[in-house]
Protein chains: 2
Amino acid sequence: MKKTIATIRDVAAAAGVSNATVSKFVNGTQRFSPAVEARLTSVIEQLGYRSNPMAQSMITGRTKAIGLSVLDITNPHYASVVKGASRVAQDHGYTLLLVDTEETPERERHLLETLSRRVDGLIVYTRTPEAELDWLMALGRPAVYFGRPQRINLPSVASDDELGAFMVTRHLLSQGHQRVGYMGFSRSLRDRERMAGVREALAAQGLELTVFNAEAPSASAGEKLCSSIVLGRQPLDALVCFNDLLALGFMKAAQVLGFKVPDDISVVGFDNIQFGHFSCPGLTSVDLHSERMGAAAMRKLLATIDGQEAEPLTVIDAQLVLRASTAVRN
Amino acid sequence: MKKTIATIRDVAAAAGVSNATVSKFVNGTQRFSPAVEARLTSVIEQLGYRSNPMAQSMITGRTKAIGLSVLDITNPHYASVVKGASRVAQDHGYTLLLVDTEETPERERHLLETLSRRVDGLIVYTRTPEAELDWLMALGRPAVYFGRPQRINLPSVASDDELGAFMVTRHLLSQGHQRVGYMGFSRSLRDRERMAGVREALAAQGLELTVFNAEAPSASAGEKLCSSIVLGRQPLDALVCFNDLLALGFMKAAQVLGFKVPDDISVVGFDNIQFGHFSCPGLTSVDLHSERMGAAAMRKLLATIDGQEAEPLTVIDAQLVLRASTAVRN
DNA sequence: TTGAAAGCGCTAACAA
DNA sequence: TTGTTAGCGCTTTCAA
């Protein structure tokens, strides 16, 4: 009863045609006589034949799979990126190979090099500086990059970090905040842009920025940094955090230390992860539209694979989402 | 300068050996004379030869890839499961094919059937009742199932939902809660067990359980259900939620409605997602060790693929994590 | 220790 | 519309 899996030859034999015919039929490459069509349909049904994707890939050179690497899948921002990419991939009949690099650059390269042979294209979310990314190009696979590449020539999707930072800072200023701090994460390639946006808005008012740097883009890093900020020598009215995770951690710790947000200090983050809605106070955030970023990257990659000329850089707009962690200061 | 990718034949030719020799060398299947070894090493290095995984898979029937399907990657519980599975896979040289079924059963089957030919094994997190899962067995691939299968014969990994529910309920009772409610999500296969655990603890004290059912395992569903619970006819001391997302949503809405947690009502959830720590009050939760579940499933699958006889069911223990959403009631 | 030969399951010219 | 014929890049007997 246990029959070995049916191959194209089994089908051809059973239907009394050549396997080329079966191949063409299965792939809908051609029209057929009703007789053959009927026989093939029924035989395939009967044998439960499904073409072997490996054999197919080997010969066509296309795998119908896309490799996606992110830095940490448990960070809701990346989870959303994956969501968006996954949805588009599925809609186009592509499979997603996920790589969680866990913020480990050494892993990243090796994993991606291995992966590259098994996929039609790559989407890469990395912290590795462009200067060290030549191997990515050398892979010879279509790839989409998250960020604004200067040096490497890869189609990219970026959030409008600088504008987002500028916007939220202007908002803070309009609320009467004067002494603004930035809790950055310098290892991120986005850190610079966000800081620049904040600085720019501040500079327009002749204000200086106080900068702190977190050791990780995580809530616990935000918690750790809190005391040195709220109890430090430079009192702050407002703190712009590199991301929501840091902001959440900071707020929690601040509260433990007896500081009230936003009464004592306003806090904002980036990414607008859903959990910013459930902290208290709710977290004001710059929505970078993570899911849309993932979807846009996948669409772009698929277009490139299709031979279409995709625009080099897609910028997803940022949007300020106001919640209770910021308030008017008198 | 643009050279096409090197094949095993190129290497064989350049090194003056047969491609069988190259194959054996690359796979370390055999020992070689120093001369051959040296030549091969240098030629491979020079040509940058890497064996084509597709061709390899086609012939050996092994892909070194595992398919993992989850219900919603933006739910931190699943993100953690993926994290755990991904880590173990990477450590063993396996690649992860991720499927986000988005809670859509129709998608699930099709995606998994497609996937099954490209992977050596499958890990499936599903809501589909076992009775409708015969196709999964028919795929003929090693598979690991999340849950406690009754009917189908698949190695599985399960959390100890019933015990976890029992524990947290006993805790609530010991704090003096009497009128306990359960916000369930009946579509989940885990819902029954959690409810049973709560019921059992309550029954020991002769208490009844009030049950509500959410339309989704999400924060917004929790928000929606809130008013009918806190403003309903049956006042509650405590609410056990199917998961942390529901609990978070509920708490937020309760607060908006002017109810205080835990003063007016204690709230607990399941999964112990990290964001339960940042809500306020912090959310008491049953930690099901999501990441460990993912890792355990992957380990089990890999063992099965390796031909080892894995135990049929691995149960990951539950642990109560106390935070401020529960308090002694007088 | 090495190589020759026979495929794995499929597609892609090209003929018929 | 259908079939023939070559492989794709690799592994695997089996013989040398």
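The figures here come from the full heavy-atom set of this structure, side chains too, leaving out hydrogens, waters and symmetry mates. Just so it is clear: chains get the letters A, B, ... in the order the sequence lines come, proteins before strands, and each one is counted from 1.
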task = Let me know which of A:Lys300, A:Arg299, A:Arg292 forms a side chain to side chain donor-acceptor pair (under 3.5 Å) with A:Thr314.
result =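 Option passing the side chain to side chain donor-acceptor pair (under 3.5 Å) with A:Thr314: A:Lys300.
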Indicate, with a heavy-atom threshold strictly under 4.0 Å, whether [X] touches base, sugar-phosphate, or nothing.
| X | value |
| --- | --- |
| A:Phe25 | nothing |
| B:Ser23 | base |
| A:Val17 | sugar-phosphate |
| A:Ser57 | nothing |

query = Taking atom types as modelled and ignoring hydrogens, do the side chains of A:Thr21 and A:Ser18 form a donor-acceptor contact shorter than 3.5 angstrom?
reply =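 Yes, side-chain donor-acceptor contact under 3.5 Å.
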Mark yes or no for whether [X], through its side chain, and [Y], through its backbone, hold a donor-acceptor pair below 3.5 Å.
| X | Y | result |
| --- | --- | --- |
| B:Ser80 | B:Pro76 | yes |
| A:Glu106 | A:Thr104 | no |
| A:Arg117 | B:Arg50 | yes |
| B:Asp161 | B:Arg190 | no |

Could you tell me how far apart [X] ([atom1]) and [N] ([atom2]) are, to the nearest whole angstrom?
| X | N | atom1 | atom2 | value |
| --- | --- | --- | --- | --- |
| B:Arg117 | C:dG9 | CZ | P | 9 Å |
| B:Ile59 | C:dG9 | CD1 | C1' | 11 Å |
| B:Arg9 | C:dA4 | CZ | C1' | 13 Å |
| A:Met58 | C:dT11 | CE | P | 11 Å |
| A:Met54 | C:dT11 | CE | P | 14 Å |
| A:Asn52 | C:dG9 | CG | P | 7 Å |
| A:Gln56 | C:dG9 | CD | P | 14 Å |

Rounded distance (nearest 0.5 Å) linking atom CZ of A:Arg31 with atom CZ of A:Phe25 = 11.0 Å
ask   = CD1/A:Ile66 to CG/A:Leu301 distance, rounded to the nearest 0.5 angstrom?
value = 4.5 Å
query = Under the criterion side chain to side chain contact (heavy atoms under 4.5 Å, CB included), which of A:Ile73, A:Val70, A:Leu115, A:Thr114 is the partner of A:Val99?
reply = A:Leu115
query = Which residues in residues 28-44 of chain B have at least one heavy atom lying under 4.0 Å from any atom of DNA chain D?
reply = none
query = In degrees rounded to 10°, what angle is found between the helical axes fit to the five outermost pairs at each end of the helix from C:dT1-D:dA16 to C:dA16-D:dT1?
reply = 30°
query = What residue pairs, at least two apart or across chains, pass side-chain hydrogen bond (donor to acceptor under 3.5 Å, both in side chains) with a residue in residues 118-127 of chain A?
reply =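 Every side-chain hydrogen bond (donor to acceptor under 3.5 Å, both in side chains) pair that includes a residue of residues 118-127 of chain A, provided the two are not neighbours, is A:Thr63-A:Asp120, A:His77-A:Tyr125, A:Glu103-A:Arg127, A:Glu108-A:Thr126, A:Thr126-A:Thr128.
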query = Is there any side-chain hydrogen bond (donor to acceptor under 3.5 Å, both in side chains) pair reaching into residues 130-147 of chain A, and which pairs are they, with sequence neighbours excluded?
reply =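 Of all non-adjacent pairs touching residues 130-147 of chain A, those that pass side-chain hydrogen bond (donor to acceptor under 3.5 Å, both in side chains) are A:Asp134-A:Arg151.
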query = A:Ala55 or B:Ala20: which one's nearest nucleotide on DNA chain C is closer to the 5' end?
reply =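 Mapping each residue to its closest nucleotide by heavy atoms, the 5'-most match is B:Ala20.
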task = Tell me whether the OP1 or OP2 atom of C:dT2 has a side-chain N or O from B:Ser18 closer than 4.0 Å.
result =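 Negative; the distance criterion is not met.
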inquiry  = Does a side-chain N or O of A:Arg50 approach OP1 or OP2 of C:dG9 to a distance below 4.0 Å, or not?
reply    =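 The answer is no; no side-chain N or O of A:Arg50 sits under 4.0 Å from OP1 or OP2.
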message = At a heavy-atom distance below 4.0 Å, which nucleotide of DNA chain D is the first touched by chain A, and which is the last?
response =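 Nucleotide range with atoms under 4.0 Å of chain A: D:dT1 to D:dG9.
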message = Restricting to salt bridge (charged side-chain N to carboxylate O under 4.0 Å, His left out), what partner residues turn up for B:Asp72, sequence neighbours left out?
response =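 By the salt bridge (charged side-chain N to carboxylate O under 4.0 Å, His left out) rule, B:Asp72 matches A:Lys83.
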query = In terms of side-chain heavy atoms of B:Lys24, which of C:dG3, C:dG7, C:dG9 is nearest?
reply = C:dG3
